[in-house]
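All residue numbers refer to positions in the sequence shown, counting from 1. If you're wondering where the values come from, they're calculated on a predicted model, not measured in any experiment.
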Amino acid sequence: MQETSFSGALGNRLAADKFGGDGAPVLLLHGGGQTRHAWRKTAEAIAAAGRTAYAVDQRGHGDSEWIGSGAYKFQDYASDVAAVAREMAQRHGERPVAIGASLGGIASLLAEGGAAERGEPLLGGLALVDITPRVDVNGVDKVIGFMREHAREGFTSVEEAAEAVAAYLPHRPKPKSNEGLRKNLRLGDDGRWRWHWDPRFLESRGPDGGDRDGLEAGLTAAARRLAIPTLLVRGASSELVKPEHARDFLQLVPHAEYADVSGARHMVAGDQNDSFSSAILDFLNRLPSPRLSPRH
């Protein structure tokens, strides 16, 4: 693994980890409130299979640049995806496959939908991880509620943060070490630990800005335009994506593949990483790998 970076739509720096050599590129985009480190095991599996995986911190998250204007709307994230995908295609000579969890999936779907509308495909394939145009709003509220709970005041220690996560995810075995969680926290000048993302991400300009009907309509339109290979991976016990939401998506995108990961909730990769990675690798192994023409 080596550290690298990309430029977002505003020229904002996006931190990334690169796994593998010069194989076909795969872009891994985490969910809201997470960081690129959520993908480590899956990225290693992708690299071992001969592809190059890039796990990217999205704007305002992890080691990526915070946006001074507070530009954290879904379309802002989609614009970053488009910028990164184009840069990645230039580096590798082919369009990347995007694997997007929640926020990352929304951003990827909007980006590809917009590109398809212009007749300019952006991605070589798309895997949406527990996100569909229509979701359970109660599940969304639960996730955002947990993110809001300690966003400003933070925690007195990493151990206190670990207790909060364990209470929120009682189904998940407690890790032997908190080192993984530490990467999702930052130590403030006041000695308190806070989540490693800009708190403004949750404000009115952020992804939960209130226009859920508009978001659903935009994602639905983008899904209808998908012509690239597509996979929907759902946590079988997801709080957000229910079976009827998956069925709706498969009607919108008839060529899409579908995988249900048993024992997983919304954070599929963290809950059942082996099963999740297996579904992703199966999808990647079936993809063609067209090289871009020199003009690209």
Contact summary for [X] and [Y], nearest pair of heavy atoms:
X      : Y      : value
Ser102 : Gly31  : CB-CA, 4.1 Å
Leu109 : Ala222 : O-CB, 3.5 Å
Pro96  : Ala85  : CD-O, 3.7 Å
Asn178 : Ala162 : OD1-CB, 3.6 Å
Arg51  : Ala24  : CB-O, 3.2 Å
Ala15  : Ser64  : N-OG, 2.8 Å

Between [X] (side chain only) and [Y] (backbone N and O only), is there a donor and an acceptor less than 3.5 Å apart?
X      : Y      : result
Thr4   : Lys18  : no
Arg95  : Ala89  : no
Arg40  : Ala55  : no
His196 : Asn184 : no
Arg194 : Arg152 : yes

Rounded distance [0.5 Å steps], [atom1] in [X] versus [atom2] in [Y]:
X      : Y      : atom1 : atom2 : answer
Leu10  : Arg59  : CG    : CZ    : 4.5 Å
Ile99  : Leu284 : CD1   : CG    : 5.0 Å
Asp136 : His266 : CG    : NE2   : 11.5 Å
Ser7   : Arg86  : OG    : CZ    : 11.5 Å
Asp130 : His245 : CG    : NE2   : 11.0 Å
Asp260 : Ser238 : CG    : OG    : 9.5 Å

*Is there a ring-ring contact (aromatic ring centres under 6.0 Å, His included) between Phe19 and Tyr54 once you walk through the steps?*
CA-CA 6 Å; Phe19 298 79; Tyr54 292 91; 9.2 Å; no

*Go through the steps for Arg265 and Asp271 under the test salt bridge (charged side-chain N to carboxylate O under 4.0 Å, His left out), then give the verdict.*
CA-CA 7 Å; Arg265 288 170 46 176; Asp271 286 346; 5.4 Å; no

Do [X] and [Y] share a hydrophobic cluster, counting only Ile, Leu, Val, Met, Phe, Trp and Tyr and linking them when any side-chain heavy atoms are less than 4.5 Å apart?
X      : Y      : value
Ile67  : Phe6   : no
Met88  : Met1   : no
Val56  : Val129 : no
Val135 : Leu103 : yes
Val241 : Leu226 : yes

Is the shortest heavy-atom distance from the side chain of [X] to the side chain of [Y] under 4.5 Å?
X      : Y      : value
Phe74  : Leu219 : no
Leu123 : Val97  : no
Tyr77  : Ile106 : no
Ile280 : Leu231 : yes
Gln272 : Met267 : no
Leu240 : Val143 : yes
Thr35  : Gln58  : no
Trp193 : Arg182 : yes

*Does the side chain of Tyr72 come under 3.5 Å of the side chain of Asp198 through a donor N or O and an acceptor N or O?*
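Yes.
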
*How about Thr52 and His92: does a side-chain donor come under 3.5 Å of a side-chain acceptor?*
no

*Can you name the side-chain hydrogen bond (donor to acceptor under 3.5 Å, both in side chains) partners of Arg286, sequence neighbours left out?*
Glu257

*asked:* Please determine whether side-chain contact (heavy atoms from CB on, under 4.5 Å) holds for the pair Ser108 and Leu29, giving the CA-CA distance in whole Å, both sets of side-chain angles, and the decisive distance to 0.1 Å.
replied: CA-CA 8 Å; Ser108 300; Leu29 295 160; 3.2 Å; yes

*Using the test side-chain contact (heavy atoms from CB on, under 4.5 Å), find all partners of Asp274 that sit at least two apart in sequence or belong to another chain.*
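So Asp274 forms no side-chain contact (heavy atoms from CB on, under 4.5 Å) with any residue.
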
*Can you list the steps and then say if Thr42 with Asn273 is a side-chain hydrogen bond (donor to acceptor under 3.5 Å, both in side chains)?*
CA-CA 7 Å; Thr42 298; Asn273 190 263; 3.1 Å; yes

is_close_aromatic([X], [Y]), centroid dist under 6.0 Å:
X      : Y      : answer
His61  : His30  : yes
Tyr258 : Phe249 : no
Phe201 : Trp66  : no

*Please step through salt bridge (charged side-chain N to carboxylate O under 4.0 Å, His left out) for the pair Arg118 and Glu120, ending with a clear verdict.*
CA-CA 5 Å; Arg118 297 188 296 273; Glu120 304 171 350; 3.8 Å; yes

*Decide yes or no on salt bridge (charged side-chain N to carboxylate O under 4.0 Å, His left out) for Glu44 and Lys41, but give the supporting numbers first.*
CA-CA 5 Å; Glu44 290 173 345; Lys41 291 182 179 179; over 6 Å; no

_Residues Arg134, Asp248; criterion salt bridge (charged side-chain N to carboxylate O under 4.0 Å, His left out); working and verdict_ = CA-CA 8 Å; Arg134 191 166 68 89; Asp248 288 349; 2.5 Å; yes

*Walk me through it: do Asp17 and His37 pass the test side-chain contact (heavy atoms from CB on, under 4.5 Å)?*
CA-CA 9 Å; Asp17 289 337; His37 302 295; 4.0 Å; yes

*For Met147 and Trp197, what are the C-alpha separation, side-chain angles and deciding distance, and is it a side-chain contact (heavy atoms from CB on, under 4.5 Å)?*
CA-CA 10 Å; Met147 294 171 66; Trp197 39 269; 4.1 Å; yes

*Can you label the angle between the Phe155 ring and the His150 ring as parallel, tilted or perpendicular, going by 30° and 60°?*
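Judged by the thresholds at 30° and 60°, the geometry between Phe155 and His150 is tilted.
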
_Passing candidate, side-chain contact (heavy atoms from CB on, under 4.5 Å) with Glu112, options Thr230, Val81, Ile228_ = Ile228

